[in-house]
2 protein chains.
Amino acid sequence: MAGVKDVARLAGVSVATVSRVLNDSAAVTGETRARVLEAVAELGYRPNAVARSLRTDTTRTIGLVIGDILNPFFTELARAVEDEARRSGYSVVIGNADERPERQDHYVRTLLEQRVDGLLLCPTAEITPLVRDVVRDGAPLVFLDRTLPGLDVPTVRADGAEAIGALVAHLRGLGRRRVAFISGPALLSTGRERTEAFRAAMRANGLEVPEEYLVAGDFRAGSGRETAARLLDLPRPPEVIFAGDNLMALGALDEIRARGLRIPADVGLASYDDVPWFAHLEPPVTAIEQPVQELGRRAVRALLDRVERRPVEPAVLAARLVVRRSCGEAPENRGDGEGSGRA
Amino acid sequence: MAGVKDVARLAGVSVATVSRVLNDSAAVTGETRARVLEAVAELGYRPNAVARSLRTDTTRTIGLVIGDILNPFFTELARAVEDEARRSGYSVVIGNADERPERQDHYVRTLLEQRVDGLLLCPTAEITPLVRDVVRDGAPLVFLDRTLPGLDVPTVRADGAEAIGALVAHLRGLGRRRVAFISGPALLSTGRERTEAFRAAMRANGLEVPEEYLVAGDFRAGSGRETAARLLDLPRPPEVIFAGDNLMALGALDEIRARGLRIPADVGLASYDDVPWFAHLEPPVTAIEQPVQELGRRAVRALLDRVERRPVEPAVLAARLVVRRSCGEAPENRGDGEGSGRA
DNA sequence: TTGTAAGCGTTATCAT
DNA sequence: ATGATAACGCTTACAA
């Protein structure tokens, strides 16, 4: 494969000049410039980014380790990250942790060895020794969506407390007072926070949360189904099941359907996370929407701020309640399934 | 950051020995080996993959350029590719073409410059000059899902002809003879093939396809909705709308719902591509399932065969009809929404 | 404005 | 079994 040398020879200049043209780094005559470009085209020269990176110690690449690539929340997030990164001239390498710490570490390690300029991490579960090391070494790291306690790392995430409060108030307004929550793993910050917010919201609305209404899932569909079964088997089952993420909502939906129960007549369903097809279910599912695009954008900016040594701004964005019809809302709220108040 | 030199110094050996230990490439005493490993741990040494790649001319990385990251078909595919690649010790860098040729080319170029060992491409639309060059240069390339005519590149894809035949026969058995097809872009091999297969299947079943029943979309939801509207406005609208991919099916579904029509009573709906939530809609959608996992696996194997200079096997896998209830099937076919015949 | 040459962190060849 | 050193393809002082 052709290299700078070949281009230089063909254009009758030195390799330095070729490099200068390719990076328009220093003044080059229009004429030589043209000759070089011509040679480049002629040879179909493709710069070797590996060699360039070795020399410049920068790859123009950022790593993104997501929790679970089958979770639409993360794929949307990945897309947002990708878009923003490209705008700044960076490529994104995605690693799928599959919610497994060892796989997360595999990618963190690999990406670091590949010398990504920065790393966006949606941490899986607790702090691993590797992550601790990486943080200590001061690698350019930003946490996304989730955070880890006691680690001094900027985090970009959404806060659902307000939206969860709005949801509970909404449910009470609908006359549904017995609501159960399928929480995410207590090991995940997002899991804990949503549970806390739910408890607080119920309290603020003067509603009880019997212990058996608080069940723990793992952010996968299977656990949503199992925990929903437990809830529905209760002597006094809840009037609404609120799932801590979209995959568990899906599982709960399966269980409800399998029992021949009707939504919202027999039981209501609400979900943290909004995904495109919630609007297309019958009835459309009332959900809490995270500002995924903005999350991705902010995360990239925060990371690039670190990389390029600017002051970095962590961000906490607000999630938003999207009212549809799965909790016994007035049926006149029809149409495309979008709640009012949507931008 | 620590390099081989530092490790060598600390372990009291030469850099060559360090390298040998790290790659267990040649015989090394157990004792020196231990010392080196200790030094590695002590320093938190992370090999520089960039330098290694420059030297070895291999990155243990493959590129994957998909059509649209918001399309669940492609995210599932990406995951399958990722899994198989990891099994062989390769990382995957994903590029999202967003169905735009220039963006596809952007990634093809970038990935080639990053010196990926091989490239999996789901080509967007027609042959671009870049792609032609790349093929001419003999870069290790495999087409996935889609193919391009007249280019000598191994392709791994699914063939839906048989499944489409089964679908049409199934519809006729249900007494639905007027079926319309929302095709994908004629520029895409997958678009053309499905249309051809549909025509052939209708003919084989003795059914007519009036020209106005064959409308063209672009594999995005918006076009599904618009074309469905055109079909439903027809003086004699179809009894079943068959969408050429899952996103267009979603669009069609929106339009049907917005008009207050009922599925399958007023109009039936079927889709090419099966996605998890089709089973959760009311009614569950009859669809054609592509062997996504297998597609991903085979593509990686084919690519690595090329990379490692083994004979490469292209593959054409069969898609499969999954009968649910959106086309007027007997309501006793209930349950989890999975059609019979599922493995 | 252009050229010469050093050096980025590895691996691999050739000695020892 | 181990060490010294050239080379990978590029960028960037420094010189001219």
Side-chain angles (χ1 to χ4, degrees), chain A residues 1-40 43-61 89 109-117 137 139, chain B residues 1-40 43-61 89 109-110 112-117 137:
Chain A
M1 173 154 290
V4 263
K5 273 183 188 163
D6 307 282
V7 176
R9 195 176 316 127
L10 182 57
V13 298
S14 74
V15 291
T17 301
V18 174
S19 174
R20 285 191 270 255
V21 170
L22 261 33
N23 303 289
D24 43 41
S25 55
V28 177
T29 320
E31 205 246 331
T32 33
R33 184 186 171 72
R35 279 220 311 284
V36 169
L37 259 19
E38 208 173 328
V40 165
L43 294 173
Y45 168 69
R46 257 185 267 291
N48 184 330
V50 173
R52 171 180 306 182
S53 292
L54 179 59
R55 182 59 232 252
T56 60
D57 198 36
T58 162
T59 53
R60 293 245 122 200
T61 286
R109 206 183 330 264
T110 305
L111 292 169
L112 255 23
E113 290 184 358
Q114 288 176 180
R115 296 300 191 266
V116 292
D117 292 339
D137 295 355
Chain B
M1 170 152 295
V4 262
K5 273 184 189 162
D6 308 280
V7 176
R9 197 176 313 127
L10 182 57
V13 298
S14 75
V15 291
T17 301
V18 174
S19 175
R20 284 191 271 254
V21 170
L22 262 34
N23 302 288
D24 44 40
S25 54
V28 177
T29 320
E31 204 245 331
T32 34
R33 184 186 171 73
R35 279 218 312 285
V36 169
L37 259 19
E38 210 174 327
V40 164
L43 294 172
Y45 167 70
R46 258 184 264 295
N48 185 329
V50 174
R52 173 180 308 192
S53 292
L54 179 59
R55 184 58 235 247
T56 61
D57 197 38
T58 160
T59 54
R60 292 245 121 200
T61 286
R109 205 183 332 264
T110 304
L112 255 23
E113 290 184 358
Q114 287 176 181
R115 296 300 192 264
V116 292
D117 292 338
D137 295 355

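All chains are named by letter (A, B, ...) in the order of the sequence lines, taking the proteins before the strands, and each is independently numbered beginning at 1.
- Counting heavy atoms from C-beta outward, B:V50 and B:S53 have side chains that stay 4.5 Å or more apart.
- Among the nucleotides C:dT13, C:dT4, C:dG9, the one closest to the side chain of B:R20 is C:dT13.
- Contacts of B:N23 with the nucleic acid, taken as non-hydrogen atoms under 4.0 Å apart, involve only primed sugar atoms and P, OP1 or OP2.
- Side-chain atoms of B:N48 lie closest to C:dT10 of the nucleotides D:dT2, D:dA4, C:dT10.
- Residues A:R109 and A:Q114 are not in side-chain contact: their nearest non-hydrogen atoms beyond the backbone lie 4.5 Å or more apart.
- Within 4.0 Å (heavy atoms only), A:S19 reaches at least one base atom of the nucleic acid.
- Looking only at side-chain heavy atoms (C-beta outward), B:R52 and B:R60 stay at 4.5 Å or farther from each other.
- In this structure, the side chains of B:V7 and B:V15 stay at 4.5 Å or more apart for every pair of heavy atoms.
- Residue-to-nucleotide proximity on DNA chain C shows that, of A:A16 and B:P47, the 5′-proximal contact is made by A:A16.
- Atom CG of A:D57 is separated from atom P of C:dA6 by 21 Å (rounded to the nearest Å).
- To the nearest angstrom, P of C:dT10 lies 13 Å from CZ of B:R46.
- Between B:S25 and C:dA12 there is no side-chain polar atom (N or O) within less than 4.0 angstrom of OP1 or OP2.
- Counting only heavy atoms from C-beta outward, the side chains of B:T110 and B:E113 never approach each other to under 4.5 Å.
- Remark: A:R46 engages B:D137 in a salt bridge, criterion side-chain N to carboxylate O under 4.0 Å.
- Here the nucleotide nearest the side chain of B:V13, chosen from D:dT2, C:dT10, D:dG3, is D:dG3.
- As rounded to whole Å, 15 Å separates atom C1' of C:dT2 from atom CZ of A:R33.
- Close to D:dG3, at under 4.0 Å from its OP1 or OP2, lies a side-chain N or O of B:T17.
- As a whole-Å value, the separation of A:R60 CZ from D:dC10 C1' is 17 Å.
- No hydrogens or angles were tested; on distance alone, nothing pairs the side chain of A:R115 with the base of C:dG9 as donor and acceptor under 3.5 Å.
- Nucleotides of DNA chain C nearest to B:M1 and A:V28 differ in position, and the one nearer the 5' end is that of A:V28.
- One interatomic measurement links the two molecules: OH of A:Y45 to P of D:dG9, which rounds to 10 Å at whole-angstrom precision.
- Residues of residues 49-56 of chain B that place a heavy atom closer than 4.0 Å to DNA chain D, in numerical order, are B:L54, B:R55.
- A:L22 is listed as a side-chain neighbour of A:V40, based on a closest heavy-atom distance under 4.5 Å.
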